[in-house]
Protein chains: 2
Amino acid sequence: MEKLNDTLLYTLDKCFRTYNQFSQRNVRKAGYDITIDQWLILKSVAENPSITQNDISKIVFKDNASITRIIQLLVNAGYLNRAVHALDRRRVNLTLTESGKKITIDVNEIAKQNRAAALKNIDTEQVAQMKTLLQQIISNCHV
Amino acid sequence: MEKLNDTLLYTLDKCFRTYNQFSQRNVRKAGYDITIDQWLILKSVAENPSITQNDISKIVFKDNASITRIIQLLVNAGYLNRAVHALDRRRVNLTLTESGKKITIDVNEIAKQNRAAALKNIDTEQVAQMKTLLQQIISNCHV
DNA sequence: AATCAATAATTGATATATCAACTAATATTT
DNA sequence: AAATATTAGTTGATATATCAATTATTGATT
């Protein structure tokens with residue numbers, strides 16, 4: 001049986017988790033009480049004002065159910081408003097509150113710094129190559 | 001604010017989750033009622049017979065607490081035996097049961113196929129390069 | 001218009017992640 | 001040897017992931 005940590009996907013796993021923990025730590029250190037996953041949802045709403053929860057779930061690769069619950073937390077925290085959609089009563093209309101807008105922008109700055117730190121000493125060329133490879137893996141998994 | 005899905009780490013996230021779901025689906029389809037994460041722990045024990053739970057948590061990048069709970073599930077499922085270590089009574093002695101050994105090997109086969117499918121049309125050279133890059137990111141996050 | 005199908009979101013159950021607090025056992029220091 | 005520090009693991013609280021079942025609403029079919 002080949003060793004676990006020989007495989008690319010083990011390294012991928014490790015990288016993903018390490019980066020996540022690193023980012024989360026930096027957000028906390030800056031005094032923001034929000035998870036990266038919560039911020040990603042706020043950011044999705046900021047970028048796409050009329051987005052549905054279904055669309056969000058596709059953007060962030062999570063289950064619908066998870067989105068419902070995370071949004072509930074964001075509403076509780078005062079970052080999001082939730083209302084019934086005027087034209088389709090099945091849908092939920094999401095809008096950022098003022099503090100939601102603020103934290104989205106603030107954490108975005110930290111996220112930018114996190115990315116820069118994580119990609120230090122790696123040139124654009126390499127990043128582009130890696131993206132292509134990752135896309136290839138993704139499409140291989142969709143067969 | 002730059003778009004979410006422009007960043008490498010977004011693609012990394014997507015790739016990781018897509019591959020995970022793909023692997024898990026294939027294990028289920030083959031009739032095995034075990035999660036990839038549970039299997040990883042069985043495999044760690046198989047590879048390192050005298051391993052501690054602390055060591056497992058480092059290998060699979062999870063919290064000690066998570067390991068305790070996953071191991072509890074594996075004991076309940078009859079795949080693992082848990083006993084007090086003879087020389088250090090703080091430690092837990094983990095051994096695979098017969099069915100634990102069997103499922104570890106069976107799922108390993110599926111995992112091998114999953115990896116092959118995920119890495120289709122990607123040559124060894126590229127895989128090696130990507131590993132190096134991922135390692136670089138990991139070490140950047142450890143500063 | 002009534003029936004049926006599809007869609008958006010929620011809820012329940014269970015597994016997992018993470019942090020903090022804790023217990024028990026062992027190792028180190030004085 | 002007693003006091004203290006360290007280590008291995010567990011437990012509680014809360015957030016999240018995933019699947020399946022469900023509700024409410026809208027769209028399509030006849």
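Numbered from 1 within each chain, the chains take letters A, B, ... in sequence-line order. Computed from a predicted structure; not experimentally measured.
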Problem set entry | Distance below 4.0 Å between A:Asn54 side-chain N/O and C:dA9 OP1 or OP2 | yes

Exercise. Between A:Leu87 and B:Thr52, which has a closest nucleotide on DNA chain D that is more 5'?
Worked result: B:Thr52

For this session: Give a yes-or-no answer on whether the side chains of B:Asp63 and B:Ser66 include a donor-acceptor pair shorter than 3.5 Å.
Result: no

Exercise. How do A:Arg82 and A:Arg28 order along DNA chain C: which one's closest nucleotide is nearer the 5' end?
Worked result: A:Arg82

For this session: May I have the distance from B:Ile56 (atom CD1) to D:dT7 (atom P), rounded to whole angstrom?
Result: 19 Å

Exercise. Distance check: side-chain N/O of B:Gln53 vs OP1/OP2 of D:dT10, anything under 4.0 Å?
Worked result: yes

Exercise. Ignoring hydrogens and angles, are the base of D:dT25 and the side chain of A:Arg89 linked by a donor-acceptor pair under 3.5 Å?
Worked result: no

Exercise. Between the side chains of B:Asn64 and B:Asn54, is a donor N or O closer than 3.5 angstrom to an acceptor N or O?
Worked result: yes

Exercise. Does OP1 or OP2 of C:dT23 have a side-chain N or O of B:Arg90 closer than 4.0 Å?
Worked result: no

Exercise. Closest approach of A:Ala46 and A:Leu96, non-hydrogen atoms and distance?
Worked result: CB-CD1, 3.6 Å

Exercise. Can you check the A:Ile34 CD1 to C:dT18 C1' distance for me, whole Å?
Worked result: 17 Å

Exercise. Does the side chain of B:Gln53 come under 3.5 Å of the side chain of B:Arg91 through a donor N or O and an acceptor N or O?
Worked result: no

For this session: Take the protein atom CZ of A:Phe22 and the nucleotide atom P of C:dT18, then report the distance between them rounded to whole Å.
Result: 16 Å

Seminar exercise, completed: Taken to the nearest whole Å, CG/A:Asn20 to P/C:dC19 is 11 Å

Exercise. Does C:dC19 have OP1 or OP2 sitting under 4.0 Å from an N or O in the side chain of A:Gln24?
Worked result: no

Exercise. For A:Asn76, does the CG atom have more than 12 heavy-atom neighbours from other residues, nucleotides or ligands under 6.0 Å away?
Worked result: yes

Problem set entry | Gap between atom CG of B:Leu8 and atom CD1 of A:Ile122 - 0.5 Å precision | 8.0 Å

Exercise. Between B:Asp37 (CG) and D:dA17 (P), how many Å, whole number?
Worked result: 13 Å

At a cut-off of 3.5 Å, list every protein nitrogen or oxygen paired with a nitrogen or oxygen from nucleotides 12-15 of chain D, distance to 0.1 Å.
residue	atom	partner	partner atom	Å
D:dG12	N7	B:Arg69	NH2	2.6
D:dG12	O6	B:Arg69	NH1	3.3
D:dG12	O6	B:Arg69	NH2	3.4
D:dA13	N6	B:Arg69	NH1	3.3

For this session: Whole angstrom is fine here: how far is it from CD1 in B:Ile67 over to C1' in C:dT16?
Result: 10 Å

Problem set entry | Closest-nucleotide 5' rank along DNA chain C - winner of A:Asn93 and A:Gln21 | A:Asn93

For this session: Write down the distance between CD1 (B:Ile36) and P (D:dC19), rounded to a whole number of angstrom.
Result: 12 Å

Problem set entry | Distance, rounded to the nearest Å, where B:Asp63 contributes CG and D:dT11 contributes P | 14 Å

Exercise. With no hydrogens and no angle check, do the side chains of B:Gln136 and B:Asn140 hold a donor and an acceptor under 3.5 Å apart?
Worked result: yes

